[in-house]
Protein chains: 2
Amino acid sequence: MAELDVERIAAAALAVADERGAAGFTMRAVADALGVSPMALYHHVEDKAALAALVVDAALNEHELPAPSSQSWQDGLYDMAVWTRDLWRAHPAVTRIRNEHHVYWTPSMYAVAERWVSLWQQSGLDFEDALTAAVTSSMAISGAVETETALAESGVPAASDLKWTPSARALYTRERDPAADFELLVRSVVDGLFARLSQPASRASGDT
Amino acid sequence: MAELDVERIAAAALAVADERGAAGFTMRAVADALGVSPMALYHHVEDKAALAALVVDAALNEHELPAPSSQSWQDGLYDMAVWTRDLWRAHPAVTRIRNEHHVYWTPSMYAVAERWVSLWQQSGLDFEDALTAAVTSSMAISGAVETETALAESGVPAASDLKWTPSARALYTRERDPAADFELLVRSVVDGLFARLSQPASRASGDT
DNA sequence: ACCTGAACACCGTTCAAGT
DNA sequence: ACCTGAACACCGTTCAAGT
């Protein structure tokens, strides 16, 4: 009746994560969704962390990477950033599962990294600098995406808490256009890193 | 024998988190550290999420904010960023606990936000833009810190996994100076956002 | 008011047993 | 080879009971 395999398990697990959230993402819940005993899963998957990795990879494979057209490398990076943001916003629970189970690299993640680095290499920076820019920009941008989805899941703090912190309050009452903020951030990071790494001297030093 | 109070609980819980890690951060473990029954904690703390908030706040209070000297606003932001990075690197488990239990705002976090926004306001950007810069830069920088500490805890992928992904491999074999990378990132983000928000037209648009 | 022991409803995972 | 039921060692939390 079951005919389990890794692919079916991954799809079911992703569905469970989406529907029941990170807390409801359970070996038992995934087994239930497949109409199978929880222990059946262990025949195809090492442990829960491996199942989490499967889920992350399934989410990454849902949409193909943006086509590398003839646009500028900056636009290419921005397209990749938007692709990433759309992905995690579509599966907020998966980002939590990813962190909880320390799944940082999956097959598809390598492909994303390749593309990211290759775009930075088109910038004309030398190899080492392009790598540095790729690493730091990706940490900043993926970090911003994670923070955004996490905050989107949590509610707004109580007004009483915000009473004495005008900045934090302004931060929440401000009209927000998250997509525009994200574009601003990505382009600022990319331009800012390129500018700093282009001028050969005083790369990270404060005195310009 | 016990004489429990919230402050003692917070200190013990932070110690447990530091010593036993996020997985070992348990109501029972904290109670043990205090020589008390697990249920005693519930008399002073609503639930585990509230205890997690206590831990985050205790970590934040360990060191005072950097003194706001007469430096430039850019240096002030950089000092704050370093303060944050040092903090989370000293307590890597706490960042995980923070995420797991959705603790985003604690009393001390408001103080940090106030300072961050006020520094951006010294940049001369108008109020809305300063707020936008403060929000986006903080998401990027705190996100980068979280990613860095998470990756530091996890090991390097197996060489066999990296075989076919030259960029990812280069990324790991590259000589890294995390502190310098961090300074580069922070200053690039700050300068990049300021540059983009300073020129009134085409704020987030790609065509410069 | 503060603390405790026993218990409940969950987890991930092991293990012997079934086909 | 693949799946199962029962069991183990944990969780967070509730509840009645003690002082």
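Quick note: numbers below take in every heavy atom, side chains included, and nothing from hydrogens, waters or symmetry partners. Just so we're on the same page: letters track the sequence lines, and every chain starts at 1.
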Exercise for review: Tell me which residues in residues 25-33 of chain A put a heavy atom below 4.0 Å from DNA chain D, sorted by number, or none.
Suggested key: A/Arg28
Review point. With distance as the sole criterion, is a donor-acceptor pair present between the side chains of A/Thr165 and B/Trp105 under 3.5 Å?
Key: no
Revision key, fill the gap. When rounded to whole Å, the NZ to P distance for the pair A/Lys48 and C/dC11 reads 9 Å
Point to revise | Nucleotide D/dC11, atom C1' - distance to CG of B/Leu41 in whole Å | key: 14 Å
Review point. At their closest point, which heavy atom of B/Pro178 faces which heavy atom of B/Arg85, and how far apart are they?
Key: CB-NH2, 3.5 Å
Point to revise | Selected nucleotide, minimal atom distance to B/His43 side chain, candidates C/dC2, D/dT4, D/dC3 | key: C/dC2
Practice item. Show the numbers, then the answer: is there a side chain to side chain contact (heavy atoms under 4.5 Å, CB included) between A/Tyr78 and A/Val190? Key: CA-CA 9 Å; A/Tyr78 175 64; A/Val190 170; over 6 Å; no
Study note, to complete from the structure: Of D/dC3, D/dT4, D/dT14, the nucleotide closest to the side chain of B/Met39 is D/dT14
Acceptor/donor pairs from residues 87-96 of chain B side chains to any protein atom, 3.5 angstrom cut, sequence neighbours excluded:
{"unit_1": "B/Arg89", "atom_1": "NH1", "unit_2": "B/Glu148", "atom_2": "OE2", "d": "3.2"}
{"unit_1": "B/His91", "atom_1": "ND1", "unit_2": "B/Asp18", "atom_2": "OD1", "d": "2.8"}
{"unit_1": "B/His91", "atom_1": "ND1", "unit_2": "B/Asp18", "atom_2": "OD2", "d": "3.0"}
{"unit_1": "B/His91", "atom_1": "NE2", "unit_2": "B/Glu62", "atom_2": "OE1", "d": "2.6"}
{"unit_1": "B/Thr95", "atom_1": "OG1", "unit_2": "B/Pro92", "atom_2": "O", "d": "2.8"}
{"unit_1": "B/Arg96", "atom_1": "NH1", "unit_2": "A/Asn99", "atom_2": "O", "d": "3.0"}
{"unit_1": "B/Arg96", "atom_1": "NH1", "unit_2": "A/His102", "atom_2": "NE2", "d": "3.4"}
{"unit_1": "B/Arg96", "atom_1": "NH2", "unit_2": "A/Asn99", "atom_2": "O", "d": "3.3"}
{"unit_1": "B/Arg96", "atom_1": "NH2", "unit_2": "A/Glu100", "atom_2": "O", "d": "3.0"}

Review point. Rounded to the nearest 0.5 Å, how far apart are CG of A/Leu119 and CG of A/Asp79?
Key: 9.0 Å
Check your understanding: Of all the base pairs, Watson-Crick or G-U under 3.5 Å, which form stems of three or more consecutive pairs involving DNA chain C?
Key -> C:4-8 with D:12-16, C:12-16 with D:4-8
Review point. Nearest-Å distance, CG (B/Asp47) to C1' (D/dC11)?
Key: 14 Å
Exercise for review: Verify the contact: side-chain N or O of B/His44 to OP1 or OP2 of C/dC3, cut-off strictly under 4.0 Å; return yes or no.
Suggested key: yes
Check your understanding: Given B/Leu171 and A/Val135, is the side chain to side chain contact (heavy atoms under 4.5 Å, CB included) satisfied, shown in steps?
Key -> CA-CA 8 Å; B/Leu171 204 143; A/Val135 171; 3.7 Å; yes
Review point. Looking at the side chain of A/Tyr42, which of D/dT4, D/dC3, C/dG12 is the nearest nucleotide?
Key: C/dG12
Practice item. Count the heavy atoms belonging to other residues, nucleotides or ligands that lie under 6.0 Å from CZ of A/Arg176, then report whether that count exceeds 12. Key: no
Check your understanding: Does a side-chain N-to-carboxylate-O contact under 4.0 Å join A/Asp32 and A/Arg20?
Key -> no
Review point. Can a salt bridge be assigned to the pair A/Asp161 and A/Arg169 using a cut-off of 4.0 Å between side-chain N and carboxylate O?
Key: no
Point to revise | Interatomic distance, B/Ile9 CD1 vs C/dC3 P [rounded to whole Å] | key: 8 Å
Study note, to complete from the structure: When rounded to whole Å, the CD to P distance for the pair A/Glu3 and D/dC3 reads 9 Å
